[in-house]
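Have a look at the structure below before the remarks.
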Amino acid sequence: MPKKVVVVGGVAGGASVAARVRRLDESAQVVMFERGHNVSFSNCALPFYLSGVVAKSGSLVLMDPAKFQRQYNIDARVKSEVIAIDRAGKKVTVKNLDTGETYEESYDELVLSPGANPILPGSIAGVHGENVFTVRNVEDIVALKTYIDAKDIQDVAVVGGGFIGVEVAENLQMAGKHVTLIEAAGQIMAPFDQDMVQLLHKEMKDKGVDLLLGDGLKEICPDHVVLASGKTAPAGAVVMAIGVVPETALAKAAGLDIGETGGIKVDRDFRTNDPHIYAVGDAVEVYHRLTHKAARLPLAGPAQRQARGAADAMYGRSHRNLGVIGSSVVKIFDLKAACTGLNEKTAQAAGIPYDFVYIIPNDKVSLMPGNTPVHFKLLFEYPTGRILGAQAIGKGNVDKRVDVIAAMITMGADLEDLKELELCYAPLFGTAKDVVNFAALVGQNLLEGRFRQVPVSAVRRLVEENAFIVDVREENEYAAGHLVNAVNIPLSQLRSRANEIPRDRPVYLHCRSSQRSYNAIMALQGMGYDNLWNISGSFLGISLYEYFTDCATGREKIVTQYNFN
């Protein structure tokens with residue numbers, strides 16, 4: 001008898017399972033249920049419909065039921081909600097959302113890919129108003145744009161500074177709307193550390209988005225929102241993007257195990273505690289290969305790999321389940337921001353000893369047109385040097401640098417491996433010593449104790465304590481902006497002016513990007529100085545970090561002029 005596989009939910013997880021089953025078994029009967037209007041669509045591209053980058057909503061739909069039938073012989077049924085699972089009888093109850101009728105469908109193997117639901121806290125007054133929207137599917141984004149256009153809404157509040165929130169905010173601003181982005185935490189984009197994310201804060205503010213951080217939403221009114229602090233912001237429409245929760249109601253009702261993170265618990269083959277029921281996608285709990293803990297990762301790439309693994313397991317095919325590391329990239333106006341693996345917060349939470357490198361090299365040879373700086377942060381385990389994660393922000397190809405690090409993490413590489421990695425080079429594409437090689441070299445120097453560093457977050461304390469800080473940039477750079485108590489001794493004058501640097505107290509050095517100050521430290525150590533510290537991120541990092549903390553708190557400035565060039 002041919003195998004019958006029933007899939008609940010489409011898009012990246014469910015549709016990928018169905019297609020993989022068909023490739024493995026031409027005789028199988030494959031039925032896929034989707035409660036929405038579209039069984040396969042580009043959910044990651046939804047925000048771009050708001051700005052017109054995606055001109056037609058129909059372009060977001062990748063496959064319709066008829067095409068699934070023609071190309072894959074898959075019976076895809078939309079507006080069909082699976083409302084119950086009979087595990088003993090191996091059948092599901094399906095509700096036709098057009099007619100309200102219910103019927104039963106049998107299965108040999110069942111796959112759950114229900115996704116995740118946007119969070120709408122009931123504690124927020126007005127959260128269920130007609131002017132409040134979420135972004136989960138094509139219908140959602142069409143409803144939002146239709147409402148804004150029909151009512152000529154000019155002020156929109158976006159609540160939540162994650163991937164969906166910042167992309168919606170960017171595309172609404174590109175569409176000519178006045179956008180306020182509200183985030184209860186102290187920063188947007190949680191995968192990035194505080195010293196890195198300031199670049200994204202500056203970019204959003206520079207492009208006209210009102211950024212309200214560290215202040216949660218309290219009430220939604222017809223033409224404005226009220227924050228916990230009492231502040232108000234104009235808003236004829238509100239987009240809620242504060243996060244998602246896995247859709248587990250069906251699984252719970254069927255007695256399937258739920259994991260510690262709230263996702264459906266699965267084994268290495270993505271099989272639940274029922275041997276004939278699998279689960280994939282945003283609703284499942286996964287294994288994080290770096291923290292060795294359960295996690296949830298609502299991303300399309302992992303969902304597709306899970307789908308393939310589940311389908312292969314049904315047919316006795318082996319596959320490797322390496323866990324997840326969390327690689328992602330986002331465009332925010334003129335900047336691209338990519339990350340993978342652990343950041344400082346997650347490394348600390350996991351109890352992993354680490355150190356990090358923060359460098360700002362150019363993305364290509366400096367005399368080439370279009371070269372721009374890359375803010376690059378690399379985390380590594382101490383004392384092993386094992387690579388733990390990376391963050392990169394810039395106007396160039398930051399994603400390819402982070403992709404390299406993702407590959408190295410997956411292969412269990414350390415700093416020595418990264419240092420020796422041979423990559424493509426031509427002046428228009430990179431530098432002979434690529435950003436990632438450069439980071440590995442700096443990391444090895446730190447690991448081996450060849451020099452010491454302090455982060456940009458420590459600079460305010462150093463200034464307030466009147467620490468001895470040396471700015472080794474040239475005089476014209478110093479004049480354009482500097483720390484209020486820094487002594488300017490350019491690298492070109494260092495050897496003739498070394499007598500101005502004390503030997504009996506700590507000395508902290510910086511330049512524009514930490515490279516010249518590193519060279520200064522090596523020269524001074526060669527002269528017998530031994531109490532030297534490099535400021536990681538240097539003046540560019542200091543300027544960004546202090547600009548936004550000063551603006552947020554009203555503290556006294558420690559930089560004469562903020563120079564971000």
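We number each residue from 1, following the sequence as shown.
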Give me the atom names and distance for the closest heavy-atom approach of [X] to [Y].
{"X": "Ala19", "Y": "Ile74", "value": "N-CD1, 3.9 Å"}
{"X": "Gly115", "Y": "Ala283", "value": "O-CB, 3.4 Å"}
{"X": "Pro302", "Y": "Leu297", "value": "CG-CD2, 3.7 Å"}

Roughly how far apart are [X] [atom1] and [Y] [atom2], rounded to 0.5 Å?
{"X": "Ser123", "Y": "Leu217", "atom1": "OG", "atom2": "CG", "result": "9.0 Å"}
{"X": "Leu256", "Y": "Leu112", "atom1": "CG", "atom2": "CG", "result": "6.5 Å"}
{"X": "Phe333", "Y": "Lys205", "atom1": "CZ", "atom2": "NZ", "result": "12.5 Å"}

Measure from the side-chain N and O atoms of [X] to the backbone N and O of [Y], and report whether any donor-acceptor pair falls under 3.5 Å.
{"X": "Asp215", "Y": "Ser229", "value": "yes"}
{"X": "Arg22", "Y": "Asn73", "value": "yes"}
{"X": "Arg136", "Y": "Ile141", "value": "no"}
{"X": "Asn131", "Y": "Ile220", "value": "no"}
{"X": "Glu34", "Y": "Arg77", "value": "no"}
{"X": "Asn38", "Y": "Ser40", "value": "no"}
{"X": "Asp312", "Y": "Ser318", "value": "no"}
{"X": "Asp269", "Y": "Arg271", "value": "no"}
{"X": "Arg401", "Y": "Ile405", "value": "no"}
{"X": "Glu81", "Y": "Arg35", "value": "no"}

Around atom [atom1] of [X], are there more than 12 heavy atoms of other residues, nucleotides or ligands at under 6.0 Å?
{"X": "Lys90", "atom1": "NZ", "result": "yes"}
{"X": "His37", "atom1": "NE2", "result": "no"}
{"X": "Lys3", "atom1": "NZ", "result": "yes"}
{"X": "Lys345", "atom1": "NZ", "result": "yes"}
{"X": "Lys4", "atom1": "NZ", "result": "yes"}
{"X": "Arg320", "atom1": "CZ", "result": "no"}
{"X": "Lys265", "atom1": "NZ", "result": "no"}

With distance as the sole criterion, is a donor-acceptor pair present between the side chains of [X] and [Y] under 3.5 Å?
{"X": "Gln348", "Y": "Tyr354", "result": "yes"}
{"X": "Gln391", "Y": "Asp193", "result": "yes"}
{"X": "Tyr358", "Y": "His375", "result": "yes"}
{"X": "Gln198", "Y": "Gln194", "result": "yes"}
{"X": "Glu167", "Y": "Asn171", "result": "no"}

Are Lys293 and Tyr287 in a cation-pi contact, defined as NZ or CZ under 6.0 Å from the six-membered ring centre and within 45° of the axis? no
Does NZ or CZ of Lys377 fall inside the cone over Phe356's six-membered ring, less than 6.0 Å from its centre and within 45° of the axis? yes
With ring pair (Phe, Tyr, Trp, His ring centres under 6.0 Å) as the rule and sequence neighbours excluded, what pairs involving residues 127-148 come up?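 Applying ring pair (Phe, Tyr, Trp, His ring centres under 6.0 Å) to every pair that reaches into residues 127-148, excluding sequence neighbours, yields Phe133-Tyr147.
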Show the numbers, then the answer: is there a side-chain contact (heavy atoms from CB on, under 4.5 Å) between Asp334 and Lys207? CA-CA 9 Å; Asp334 293 336; Lys207 295 300 190 292; 3.2 Å; yes
Could you check whether any side-chain heavy atom of [X] comes within less than 4.5 Å of a side-chain heavy atom of [Y], counting everything from C-beta outward?
{"X": "His201", "Y": "Leu213", "result": "yes"}
{"X": "Leu200", "Y": "Ile188", "result": "yes"}
{"X": "Leu418", "Y": "Val436", "result": "yes"}
{"X": "Val30", "Y": "Asp75", "result": "no"}

As a quick check of understanding, evaluate side chain to side chain donor-acceptor pair (under 3.5 Å) for Asn96 and Ser80, giving each step before the final call. CA-CA 5 Å; Asn96 184 316; Ser80 299; 5.4 Å; no
For the pair Arg87 and Asp274, find out whether any cationic side-chain nitrogen is under 4.0 Å from an anionic carboxylate oxygen. yes
For residues 174-181, which side-chain donor-acceptor pairs fall under 3.5 Å, sequence neighbours excluded?
from   : atom 1 : to     : atom 2 : distance (Å)
Lys177 : NZ     : Ile153 : O      : 3.0
His178 : ND1    : Asp155 : OD1    : 3.0
His178 : NE2    : Asp210 : OD2    : 2.8

Output all residues satisfying salt bridge (Lys or Arg N to Asp or Glu O under 4.0 Å) with Glu170, sequence neighbours left out; order by chain, then residue number.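 Here the qualifying residues are Lys331.
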